[in-house]
Amino acid sequence: SWTAWPFFVAVMAVMLTLTVGVGGVIQAPLEVLAQAVFVDGLDRALQWMASPSWLRMLLCDGIGQGVVLSIVFLPVLMGLFFSLAILEQSGYMIRVAVITDALMARLGLPGRSCVAMLLGLGCNVPAVMATRTLASKRDRVVTALMVPFMSCTARLAIYAVFAAAFFPHAVHWVVLFLYLLGLLCALLTAWVLKGTLLPSDDEPMVIELTAYQWPRLSWVLKTVMKRSWGFVKRMVVYVVPVSVGFAMLTRWQFVGGGVIDAAAEGSLAAHWAHGVMPLFAPMGIDAQNWSAVVALFTGAVAKEVVLGTLSQLYQVDGVVAHVQTWTEALHQAGALWVSGWFDFWQALRHPIATLSAMHVGDDGLSSALWHHFHHKSAALAYLVFILLYLPCLSTFFAIDRECGRRWAFGSFIWSLTLAYAMAVSIYQIGQGRGVYVLLAWGSLGLIVWSFIRVRPAKMRNWAPVSSC
């Protein structure tokens with residue numbers, strides 16, 4: 001039907017609006033309360049016990065900030081999990097496969113591949129594992145390499161904070177742009193593989209279309225809680241240790257067998273980041289913003305730790321430093337709760353005028369970002385790099401397990417090259433310069449050309465039959 005695609009786009013737009021809008025309303029007061037309990041409150045308790053400064057830094061700036069980052073974006077992510085569960089339970093998700101079959105067929109893929117890509121909106125790891133349902137070995141490999149370009153929930157949190165800081169009147173449009181850019185890069189990946197390494201075997205899609213049904217609220221809530229709890233556990237496992245580690249690397253200095261506070265600019269992390277800064281200068285990251293480079297490398301472990309790294313390093317610089325009493329935190333959380341719902345209601349009544357003006361994110365971190373990123377094009381280029389540069393380690397190992405080690409490393413090289421080319425292009429175009437754009441896309445062309453030079457039959461051996 002001709003209404004299928006407009007309805008699909010409308011469903012995706014509503015899902016994104018509710019996720020960012022409603023989640024953002026709850027997120028703001030939750031962040032204030034979590035900060036008051038796990039950081040400011042803990043710090044006051046340690047001061048009352050006359051604890052040494054290094055212990056306060058370790059527990060508050062390390063563990064406390066890690067816990068805050070682990071729970072503060074949960075409302076936004078639960079909104080996305082809720083939306084996906086509704087689509088799955090209602091039977092619409094399987095219809096997405098039918099709707100997109102014609103489009104995916106042009107890439108040599110069945111419509112079922114789109115279902116795995118939609119699952120990537122929640123987390124890339126189960127989406128890669130979902131490729132097991134595809135009948136063809138070739139389809140499983142191509143789909144698995146497309147999944148990392150789908151924006152997972154961890155990246156959504158980064159989008160929301162950066163967009164609120166640099167594009168406060170167009171938050172939703174920036175997030176939508178990044179989602180669409182990731183989709184286009186996934187389609188580009190499939191097109192390149194179809195024409196070079198993995199030619200398609202055209203086969204018709206056979207799928208059983210179940211009837212529509214009303215979603216069972218109990219199943220939806222159970223699914224949301226299960227996925228949210230799994231996400232929180234994964235956040236704690238990655239975020240808290242990284243937060244503690246970077247608190248040590250950026251605040252501690254061992255002198256004469258003792259531990260003293262050190263300035264962030266003279267820390268080990270700063271010296272290491274300054275050494276690789278020339279590589280990131282073409283995408284708008286200057287020497288002052290070495291913290292952003294460190295966050296990119298920690299983000300390779302898990303995208304959840306990017307904001308934690310930036311918060312930790314910027315706070316050390318003295319940009320983000322705010323201590324509240326519990327009474328002040330309650331008053332501020334209440335005010336944010338009321339104003340947030342009012343703004344959201346205004347957005348529903350007047351979407352064109354007010355929807356894009358809604359605020360999502362951390363005001364302190366937003367100020368720090370403005371202090372370190374000197375141009376909107378640099379911030380947008382950084383977001384694009386975050387979107388594309390490589391999957392987290394969990395996704396990398398999932399591709400390794402499902403498709404083989406060589407395909408995993410091939411995905412890493414391709415995504416890193418594409419991310420650098422896109423990020424440099426956006427920044428240089430924003431600055432009115434085109435030389436770096438040509439160099440970046442030239443490097444990408446070399447990668448594609450090298451793939452074309454390799455025989456597809458030989459490359460098929462990269463994916464072992466036993467695991468694919």
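For the numbers below, each heavy atom of this structure counts, side chains included, while hydrogens, waters and symmetry mates do not. One is the number of the first residue; the rest follow in order along the sequence.
Ring geometry, Trp290 versus His274: the interplanar angle falls from 30° to 60°, so the pair is classed tilted. Phe166 and Phe162 have parallel rings, their planes meeting at less than 30° on a 0 to 90° scale where 60° marks the start of perpendicular.
Nearest heavy-atom pair, Val306 versus Gly299, reported as atom, atom and distance to 0.1 Å: CG2-CA, 3.6 Å. Looking at every heavy atom in both residues, Ala165 comes nearest to Leu369 through CB-CD1, 4.2 Å. Residues Ala292 and Phe373 come closest through the heavy atom pair CB-CZ, 3.9 Å. Taking each heavy atom of Ile399 and Pro148 in turn, the nearest pair found is CD1-CG, 3.8 Å. Taking all atoms of both residues into account, the shortest heavy-atom contact from Cys403 to Val141 is SG-CA, 3.9 Å. The heavy-atom pair separating Ser113 from Thr143 by the smallest distance is OG-OG1, 3.0 Å.
At least one side-chain heavy atom of Tyr382 sits under 4.5 Å from a side-chain heavy atom of Leu296. Proximity of Val142 to Lys194: side-chain heavy atoms (C-beta onward) are nowhere separated by under 4.5 Å. Contact annotation: the side chain of Met117 approaches that of Leu183 to within less than 4.5 Å [non-hydrogen atoms, C-beta and beyond]. Using a 4.5 Å cut-off on side-chain heavy atoms (C-beta onward), Met422 and Leu387 make no contact. The shortest distance between side-chain heavy atoms of Leu33 and Val37 does not fall below 4.5 Å. For the pair Tyr159 and Tyr179, the minimum side-chain heavy-atom distance is below 4.5 Å. Within the 4.5 Å cutoff, no side-chain heavy atoms of Met78 are placed close to those of Ile26.
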Stepwise, does the side-chain contact (heavy atoms from CB on, under 4.5 Å) test hold for Leu156 with Ser151?
-> CA-CA 7 Å; Leu156 174 60; Ser151 295; over 6 Å; no
### Task
Evaluate the criterion side-chain contact (heavy atoms from CB on, under 4.5 Å) for residue pair Phe177 and His172; output intermediate values, then yes/no.
CA-CA 9 Å; Phe177 162 76; His172 293 74; over 6 Å; no
Run the numbers on Trp414 and Leu188 for side-chain contact (heavy atoms from CB on, under 4.5 Å), then give the verdict. CA-CA 11 Å; Trp414 167 253; Leu188 174 64; 4.3 Å; yes
For a side-chain contact (heavy atoms from CB on, under 4.5 Å) check, start with the C-alpha distance between Tyr427 and Phe385, then their side-chain angles and the critical distance, and finish with the verdict. CA-CA 11 Å; Tyr427 177 72; Phe385 197 88; over 6 Å; no
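Between the side chain of Ser411 and the backbone N or O of Trp407, no donor-acceptor pair lies under 3.5 Å. One N or O on the side chain of Gln428 and one on the backbone of Pro282 form a donor-acceptor pair closer than 3.5 Å. For the pair Asp139 (side chain) and Leu109 (backbone), a donor-acceptor distance under 3.5 Å is absent.
A distance of 5.5 Å separates CG of Leu181 from CG of Leu388, quoted to the nearest 0.5 Å. Atom CG of Leu184 sits about 10.5 Å away from atom OG1 of Thr189, to the nearest 0.5 Å. The distance from the CD1 atom of Ile63 to the CZ atom of Phe38 is 12.0 Å, given to the nearest 0.5 Å. One finds the NE2 atom of His372 at 12.0 Å from the CD1 atom of Ile285 (value rounded to the nearest 0.5 Å). Rounding to the nearest 0.5 Å gives a distance of 11.5 Å between CG of Asn289 and CZ of Phe280. In this structure, Ile426 CD1 and Met283 CE are separated by 9.5 Å, a value rounded to the nearest 0.5 Å.
At most 12 heavy atoms of other shown residues, nucleotides or ligands fall within 6.0 angstrom of atom CH2 in Trp191.
Residue Arg155 forms a side chain to side chain contact (heavy atoms under 4.5 Å, CB included) with just one option from Val175, Asn124, Leu383, and that option is Asn124.
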